[in-house]
Amino acid sequence: MHHPGPPRFVSVGDAIELAPRDPDPDAAYEWAIERAPTDSTASVVDEAVQWFQPDEPGEYVLSLSAPDGTHRLTVRCFPGDFESSARPESRSGQRSGAGLEAEGEGEVGESGYRHANRSGDFGPAGRPRIHLDARVEDETLIVEADPRPHPRSGETAGELDVVFTFDDRDDLSADAATLRERTLEIPVDRLPDRARIHAVSVGDAGHSVADAIELRRESEATPGGEAVHVRRLYDPPPWSTDAAYYEVYVRTFAPDAPEGEVLSAITDRLDHLEDLGVDVVWLTPVLENDHAPHGYNITDFFSIAEDLGDREDLEALVDAAHERDMRVLFDLVLNHSARAHPHFQDADGNPDSEFYDWYEWQDDGEPGTYFDWQYIANFDFSHLPVRRHLLDAIDTWAPLVDGFRCDMAWAVPNTFWREVRERVKDRDPEFLLLDETIPYIPDFQEGMFDVHFDSTTYARLRSVGDGWESAASTLDAIDQRTDIGFPDHAGFLLYLENHDETRYLVECDRPAARAGAGALCTLPGAPLVYAGQEFGQLGKRDDLVWDAVDETMVDHYRTLLSLRRTMPALGHDAGTQRIDHEVMAGEDDRVLAFARGDPPAADAASTPTADGAPGDVPDPEAAEAALVVCNFAEGEAEVALGPNHGGYDAVAGEALDDDGAVTVDDVVVLPTSRDALVD
């Protein structure tokens, strides 16, 4: 169906792209505004794909006339004072900001919104967050919203408003719901077969990234005969947040492979990745491309590059990875094609070409691009044949792999990513979408991506390794995720290097590289290892030198990745906090110390730091918490942590003295109890 997708939450000053889904390039589409705030002068034009800019706070309902009928899209607009660019979504992601605070309980209107009735003051409070859950009690579906204020806003959860809306695509009437503060109640017998409910929280600094749940009625052979299945739509796949990722730069990973057998040679080296502890293999682009060996300049979106192999070789690689319980990510390049692509070759300098409108063009006749890249040309997503072509490519490759690493995600309209997400998730809910967006954008968690490149922590770890910033400031980068509005369920990919960056070992030296590996595998987020990083490769895109492997570095990564996988205290859901410590010997600003795990509740009974007799080795897999210390300097650091440090270093596999201090060469991980997290 051509419905334009889920409801949208924006601020005055934002612009959103309107586009039919699954478009037929030969069909006619027409937009209209059915409802808008009284003072609005916003308008639509006679184009299938266009940019719409709400100019007043309130609710807009847009209609799309399409070959399969008329579809409606609700847009909820909050007050804001942002200057919008001509195409903010395609250039830098949608920026959401200031909003309003509502008084009273409000009511559910036609679209299912809780209407706010007072404009609030805008301030530096920071964006709130929200989390939705649902359950069935006594034949009633109860949807609960948990609004969460910005940690430094001064607001409380009780002071936040909640705005619900039903999805325009579902046959769920607003009069079926009863709103009770932050809870919706809907009789199960009023639910359609499928219903999606969206919500944002609203505070002094605006509205949150939206959260959403899906409800499906399922027949079961049980008393009552029917059940409701609840799925949180914007959570990452469970396998993705605690996985160890590995980037394979395909043309240098197996340098001795004959032309046409590269994918097969990569398959032959999967045992190394399995032994290392890799869960996810990210392959850089494997499609036909121009002369650039990185492969990001695509000349055919439907064919495997001949120098690498063919589709059967890729299928064999994926099958071999699956046999080892590893998943495979396909590098998806949507923003541009190579200038060597046949369509661009036909269009270049030829306005009469059928492919001329496929591309963005500058006034001087040159194609649109970024950073003066001279071998690519940006697609024009307002042209329906472009969207059709790329959706067909997605349909070709998604069934073969386990996820997409999405190149230049910031340069593709948000609306298109929302369509991609629902397209692949409807086939496989556990399909992964990983975005490369630098810097990361909180709104990309809203119906677009599951896991985000954490370029902020990457940059901080680089600065720490270079000695420009204190090691302790790394935790400031972690805090920034919440500071700028990411919801708690967002996933992050941690990395020290990739094919675009100088090797960390080269720039920061060996001691910092070993400590950086410790941080990579213990901070909240999923670690990424770039091919060769684990054994001391120096060139970022050179052929891997498999005959010069630093086995001590490989052992270091193997141990750390194993701990990351087996210690729940280091997992995605475990908390992170600063801890009191004293650097008694060594360089104070080169030591990073933090705790993972969740502190005990205020009324919880105290538990001992370690069970058993003195000298017993604790079980890291059973540890409630972990203390982590990384030393980025050359030489040892002696760090006092206090009496609850646990007495055992899981990295070295050694018991420690019980004097409250630890000696750190590069990284120690100390399994302990929650008591160690109490201030």
Exercise. Are Phe302 and His389 close enough that their ring centres sit under 6.0 Å apart?
Worked result: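 Between His389 and Phe302, which both carry aromatic rings, the centre distance is below 6.0 Å.
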Problem set entry | Sub-6.0 Å ring centroid separation between Phe492 and Phe453 |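 They do not qualify: ring centres at least 6.0 Å apart.
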I'd like to know if [X] and [Y] make a salt bridge, using a cut-off of under 4.0 Å between side-chain N and carboxylate O.
| X | Y | result |
| --- | --- | --- |
| Glu144 | Arg182 | no |
| Glu56 | Arg76 | no |
| Arg190 | Asp175 | yes |
| Asp290 | Arg339 | no |
| Asp170 | Arg196 | yes |
| Asp193 | Arg217 | no |
| Arg388 | Asp24 | no |
| Arg135 | Asp133 | no |

Examine the side chains of [X] and [Y] and answer whether a donor and an acceptor come within less than 3.5 Å of each other.
| X | Y | answer |
| --- | --- | --- |
| His452 | Asp435 | yes |
| Asp167 | His198 | yes |
| Asn335 | Asp407 | no |

Looking at residues at least two apart in the chain, or sitting in another chain, which of them share a side chain to side chain contact (heavy atoms under 4.5 Å, CB included) with [X]?
| X | answer |
| --- | --- |
| Val136 | Leu141, Val188, Val228 |
| Glu306 | Glu288 |
| Ala243 | Tyr245, Asp279, Val280 |
| Asp189 | Pro187 |

Exercise. Is the number of heavy atoms from other residues, nucleotides or ligands within 6.0 Å of CG (Asp363) greater than 12?
Worked result: no
For this session: Provide the full list of ring pair (Phe, Tyr, Trp, His ring centres under 6.0 Å) pairs with a residue in residues 177-197, sequence neighbours left out, each pair given once.
Result: none
Problem set entry | Residue pairs fulfilling ring pair (Phe, Tyr, Trp, His ring centres under 6.0 Å) with at least one residue in residues 25-46, sequence neighbours excluded | His2-Tyr29
Please list, chain by chain and in numerical order, all residues satisfying ring pair (Phe, Tyr, Trp, His ring centres under 6.0 Å) with [X], sequence neighbours excluded.
| X | result |
| --- | --- |
| Tyr356 | Trp361 |
| Trp239 | none |
| His294 | Tyr296 |
| His341 | His343 |

For this session: Applying salt bridge (Lys or Arg N to Asp or Glu O under 4.0 Å), name anything that partners Glu30, two or more places apart in sequence or on another chain.
Result: none
Problem set entry | Pro429 to Arg231 - nearest heavy-atom pair and separation |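 Scanning both residues, the minimum pair turns out to be CB-NH1, 4.0 Å.
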Problem set entry | For Ala48 against Pro20, the heavy-atom pair lying closest together | O-CD, 3.3 Å
Exercise. Do the non-hydrogen side-chain atoms of Ile298 and Ile376 ever get within less than 4.5 Å of each other?
Worked result: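 Result no, sub-4.5 Å side-chain heavy-atom pair not found.
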Exercise. Is there side-chain contact between Arg418 and Phe416, with at least one heavy-atom pair below 4.5 Å?
Worked result: no
For this session: Just grab all the side-chain hydrogen bond (donor to acceptor under 3.5 Å, both in side chains) pairs involving residues 421-434, residues at least two apart or on different chains.
Result: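 Sorted pair list: Arg21-Glu422, Asp22-Arg423, Arg169-Glu422, Asp395-Arg423, Arg421-Asp450, Lys425-Asp450.
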For this session: Taking the six-membered ring of Phe381 (Phe, Tyr or Trp), confirm whether the NZ or CZ of Arg387 is under 6.0 Å from its centre and within 45° of its axis.
Result: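 No, Arg387 does not lie over the aromatic ring of Phe381.
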